Amino acid sequence: MKISKITTQKKNKNRFNIFESLNGKDEYTFSVHEDILIRFHLRKGLELTEEQVKEIKEQDAIYQYYTLSINYLSYRMRAKSEIIDYLKEKEAIPEAIDTVIHKLENEKLIDDLQFSKAYVRTKMNTSSKGPNKIKQELIQKRIPDVYIEEALSEYSVEKEVDKVVKMMEKKLSTTSRKKSFQQQLIQLKQSLIQKGFTQGAIELASQEVDLTVNDDEEMDAIRYQGEKVWTKQARKHEGFQLKQKVMASLYQKGFSMDLINRFLDEKEEE
């Protein structure tokens with residue numbers, strides 16, 4: 001083809017439309033970014049082979065994918081896998097993706113190790129997630145294991161224990177006393193494990209937190225739970241069997257035998 005005319009796009013002044021003469025008329029052929037126009041010295045009257053046109057179009061597509069990636073990165077740091085998935089959504093071919101990723105890595109615009117370290121610091125300081133949860137999220141982002149381990153060194157045992165202590169103190173001070181203290185503690189530890197905190201850090205934190213049981217609150221809790229259990233079991237049982245069923249249920253809920261017997265004595269007095 002022979003370029004017959006070059007015009008600037010109305011909506012994007014950085015892109016140019018390339019025309020060729022067909023049957024005496026200028027027909028639109030393709031468009032390129034200004035950088036591609038300059039790189040290939042495109043001008044009116046220039047003749048291009050099919051291979052040259054193909055290469056120009058490929059390079060322009062790569063440039064557009066690169067520009068999209070830069071914009072995508074402008075909002076926050078991204079893992080390499082996130083850029084790859086983003087470009088796949090934009091229907092970029094594998095060769096174009098490889099070229100863009102290589103360029104971004106050379107320019108230090110994507111760096112999975114630095115991304116991982118920043119990710120760990122952010123989640124550690126702004127969320128209630130433990131190191132195991134963060135590790136799983138980094139694995140999902142296809143971060144290499146060696147980078148994950150190095151990044152997680154930012155989340156020291158001391159920081160983890162300190163975070164767990166604060167979470168335990170807050171939870172235990174605000175939780176409604178409708179359950180036994182033991183049951184609350186077990187559920188709290190289970191919740192912390194689900195959030196990604198390690199068993200070791202939880203046990204160390206437990207040694208620092210005040211786990212003294214308030215007898216009055218515990219009695220209020222067993223009365224609340226006991227009445228529910230008593231009402232339920234009284235539909236099927238009575239007498240000694242009723243007391244045994246209630247006793248077993250309350251014991252499973254974490255109440256001490258001394259407290260259970262006190263509750264049963266109150267019921268007997270009724």
Side-chain angles (χ1 to χ4, degrees), residues 1-122 134-151:
M1 66 164 286
K2 184 177 182 179
I3 299 176
S4 62
K5 185 173 68 171
I6 300 176
T7 62
T8 305
Q9 291 188 353
K10 293 180 179 179
K11 294 184 178 180
N12 189 341
K13 299 300 182 182
N14 292 320
R15 291 195 66 79
F16 294 82
N17 295 326
I18 309 298
F19 295 80
E20 65 175 319
S21 181
L22 293 173
N23 301 320
K25 294 183 179 180
D26 291 326
E27 296 287 344
Y28 169 82
T29 306
F30 60 89
S31 65
V32 295
H33 189 274
E34 181 180 14
D35 286 4
I36 303 299
L37 185 83
I38 295 171
R39 189 194 309 175
F40 286 90
H41 307 290
L42 302 181
R43 62 193 183 279
K44 182 178 180 180
L46 179 67
E47 292 186 1
L48 300 169
T49 64
E50 287 185 13
E51 285 300 316
Q52 287 176 315
V53 171
K54 180 181 178 183
E55 183 183 0
I56 290 169
K57 289 181 177 179
E58 287 176 352
Q59 290 301 313
D60 185 67
I62 289 171
Y63 188 89
Q64 289 188 69
Y65 292 134
Y66 171 78
T67 304
L68 286 170
S69 299
I70 293 295
N71 182 63
Y72 189 53
L73 283 163
S74 68
Y75 297 99
R76 65 168 175 82
M77 291 180 72
R78 307 279 181 180
K80 181 165 73 173
S81 64
E82 292 179 295
I83 300 294
I84 291 172
D85 292 343
Y86 175 72
L87 291 176
K88 284 180 179 178
E89 290 177 5
K90 299 299 180 181
E91 301 181 348
I93 61 174
E95 292 79 5
I97 293 175
D98 290 342
T99 301
V100 172
I101 292 296
H102 183 68
K103 183 175 175 63
L104 292 171
E105 286 182 325
N106 283 341
E107 295 172 349
K108 304 297 182 184
L109 293 174
I110 54 174
D111 182 327
D112 274 356
L113 177 57
Q114 295 306 317
F115 168 84
S116 301
K117 288 182 176 181
Y119 191 88
V120 170
R121 287 194 297 269
T122 300
I134 296 171
K135 181 178 181 178
Q136 288 302 314
E137 292 177 353
L138 289 173
I139 289 173
Q140 290 174 356
K141 292 182 183 295
R142 307 196 291 279
I143 302 294
D145 291 343
V146 64
Y147 290 173
I148 294 176
E149 292 307 315
E150 185 172 343

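All values reported here derive from a predicted model rather than from experimental measurement.
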Of all the heavy-atom pairs spanning Lys2 and Gly45, show the shortest one and how long it is. CE-O, 3.5 Å

Residue list, salt bridge (Lys or Arg N to Asp or Glu O under 4.0 Å) with Glu149, at least two apart or on another chain: Lys135

With sequence neighbours left out, write down each residue that passes side-chain contact (heavy atoms from CB on, under 4.5 Å) with Asn71, or none if nothing qualifies. Ser74, Tyr75

Here the gap from Leu22 atom CG to Thr29 atom OG1, rounded to the nearest 0.5 Å, amounts to 6.5 Å

For the residue pair Arg15 and Asp60, establish whether any side-chain heavy-atom pair is separated by less than 4.5 Å. yes

Straight-line distance of Lys54 NZ to Lys57 NZ, nearest 0.5 Å: 11.0 Å

What residues, two or more places apart in sequence or in another chain, satisfy salt bridge (Lys or Arg N to Asp or Glu O under 4.0 Å) together with Glu58? none

Output every pair passing salt bridge (Lys or Arg N to Asp or Glu O under 4.0 Å) with a member in residues 65-82, not counting sequence neighbours, ordered by first then second residue. Arg76-Glu82, Lys80-Glu105, Glu82-Lys141

Charged N to carboxylate O under 4.0 angstrom, Glu34 versus Lys13? no

Not counting sequence neighbours, list each pair that qualifies as a salt bridge (Lys or Arg N to Asp or Glu O under 4.0 Å) and has a residue in residues 35-45. none

With rounding to the nearest 0.5 Å, note down the distance linking CD1 in Ile3 to CZ in Phe19. 11.5 Å

With sequence neighbours excluded, residues passing ring-ring contact (aromatic ring centres under 6.0 Å, His included) with Phe40: none

Restricting to salt bridge (Lys or Arg N to Asp or Glu O under 4.0 Å), what partner residues turn up for Glu51, sequence neighbours left out? none

Side-chain touch Val146/Leu113, heavy atoms, less than 4.5 angstrom: no

Would you say that Ile62 contacts Lys103 through its side chain, given a criterion of any heavy-atom pair below 4.5 Å between the two side chains? no

Interatomic distance, Lys117 atom NZ to Ile148 atom CD1 [nearest 0.5 angstrom]: 14.0 Å

ring-ring contact (aromatic ring centres under 6.0 Å, His included) involving Tyr119 - partner list, sequence neighbours excluded: Phe115

Going by side-chain hydrogen bond (donor to acceptor under 3.5 Å, both in side chains), name the residues that satisfy it together with Asn12, two or more places apart in sequence or in a different chain. none

Does any part of the side chain of Ile83, heavy atoms only, come nearer than 4.5 Å to the side chain of Leu73, both counted from C-beta? yes

What I'd like to find out is whether the side chain of Leu42 reaches to under 4.5 Å of the side chain of Leu48, using heavy atoms alone. yes

Excluding sequence neighbours, so at least two apart, what forms salt bridge (Lys or Arg N to Asp or Glu O under 4.0 Å) with Asp112? none

Nearest non-hydrogen partners of Ser69 and Leu104, listed with the distance: CB-CD1, 3.8 Å

Separation of Phe16 CZ from Lys5 NZ (nearest 0.5 Å): 14.0 Å

With a 4.5 Å limit on heavy-atom distance, are the side chains of Ile18 and Ile56 in contact? no

Mind checking what makes ring-ring contact (aromatic ring centres under 6.0 Å, His included) contact with Tyr66, not counting sequence neighbours? none

Can you tell me which residue pairs pass the side-chain hydrogen bond (donor to acceptor under 3.5 Å, both in side chains) test with a partner in residues 84-100, sequence neighbours excluded? Asp85-Arg142

Let me confirm one number: the CD1-OG distance from Ile134 to Ser116, rounded to the nearest 0.5 Å. 11.5 Å

Residue Glu50 excluded, over 12 heavy atoms near CD under 6.0 Å: no

